[in-house]
Q: 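I am attaching a structure below and will ask some questions about it afterwards.
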Amino acid sequence: MLYILDTANLDAIKKAYDLYPMSGVTTNPTIISKENRSFLSILKNIREIVGEDSMLHVQAVSTTAEGMVKEAEYLTETIGGNLYIKIPVIPEGIKAMKILKKKGIKITATAIFTAQQALMAAVAGADFVAPYVNRIDNISGNGIRVVEEIVQLFELHNIDAKVLAASFKNVQQVHEVSLTGAESVTVNPEIMDKMLEHPLTDWSVDQFIKDWENVYGEGKITLDVE
Ligand code: E4P
């Protein structure tokens, strides 16, 4: 499982990279616009934090294939490192994916609401496909089922593209997606923290420390005692 952080907030990225086994960062135009500062500075700052090898997924905003390809080439040159260009699964996006694949630019197909959109994007050359789990649930669909179907289709058709499940509102959705065999999830910083939260874990750790300190002394660790 690859854990990816769905944010452009630098403090949140620093924190997650410090604590958790992170493989990358995803952004979209909404996430970027929340930071309300220079687009290029945001991306360069993220690259500095995560390093050249970590995945960074950045979305093109053009709505024509020609524009998407231009943006992809520009971003690849300007940001560099392990970069994926997010392209929405509209017809012009599929056309752009075919061109970008030939140019060797890595693609994340995004704004996916159906398994057939994911399949066509993968056939067109996408490296990752990003189904929007919670947005599907919000329209009375079944986000987990769509992810299951994509995983199944990729197995059936011997497709190498990976699933990057996105748009989560709670840990249970992440858990159910993990059970489908999807290779990666992108979650916001709040959900990333919540993945580990459990009152009984905290209670157990407190109890261990209390019992230890009763015998070995307050603030002592294993190195300090015989
Ligand atoms: C990921 O790349 C998507 O853009 C993102 O997860 C969408 O999440 P949202 O539905 O919470 O906005």
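Note that ligands are numbered from 1 as they come in the structure, with each ligand's atoms numbered from 1 the same way. In what follows, every heavy atom counts, from backbone to side chain, and hydrogens, waters and symmetry copies are set aside.
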Q: Parallel, tilted or perpendicular for His57 and Tyr84, by the 30°/60° rule?
A: parallel
Q: To the nearest 0.1 Å, how far is atom 7 (C) of ligand 1 from its closest protein heavy atom, and which atom is that?
A: Arg135 NH2, 3.7 Å
Q: Which one holds for Tyr132 and ligand 1: side chain close, backbone close, both close, or neither close, with close meaning a heavy atom under 4.0 Å?
A: side chain
Q: Which heavy atom of the protein is the closest neighbour of atom 8 (O) of ligand 1, given with residue, atom name and distance?
A: Ser167 CA, 3.4 Å
Q: How far is atom 4 (O) of ligand 1 from the closest protein heavy atom, and which atom is that?
A: Asn28 ND2, 2.7 Å
Q: Which residue supplies the protein heavy atom nearest to atom 5 (C) of ligand 1, what is that atom called, and how far is it?
A: Asp6 OD2, 3.0 Å
Q: Counting each atom of ligand 1 from 1 as listed, which ones have a heavy atom of Lys169 under 4.0 Å away?
A: 11 (O)
Q: Is it the case that more than 12 heavy atoms not belonging to Glu218 sit under 6.0 Å from its CD atom?
A: no
Q: Applying the side chain to side chain donor-acceptor pair (under 3.5 Å) test to Thr186, which of Thr26, Thr27, Thr108 qualifies?
A: Thr26
Q: State yes or no: are the ring centers of Tyr3 and Tyr20 separated by less than 6.0 Å?
A: no
Q: Which one holds for Lys86 and ligand 1: side chain close, backbone close, both close, or neither close, with close meaning a heavy atom under 4.0 Å?
A: side chain
Q: Mind checking whether Thr186 has an N or O less than 3.5 Å away from an N or O of ligand 1?
A: no
Q: Nearest 0.5 Å, what's the CD-CD1 distance between Glu77 and Ile105?
A: 9.5 Å
Q: How long is the gap from CD1 on Ile136 to CD1 on Ile144, to the nearest 0.5 Å?
A: 9.0 Å
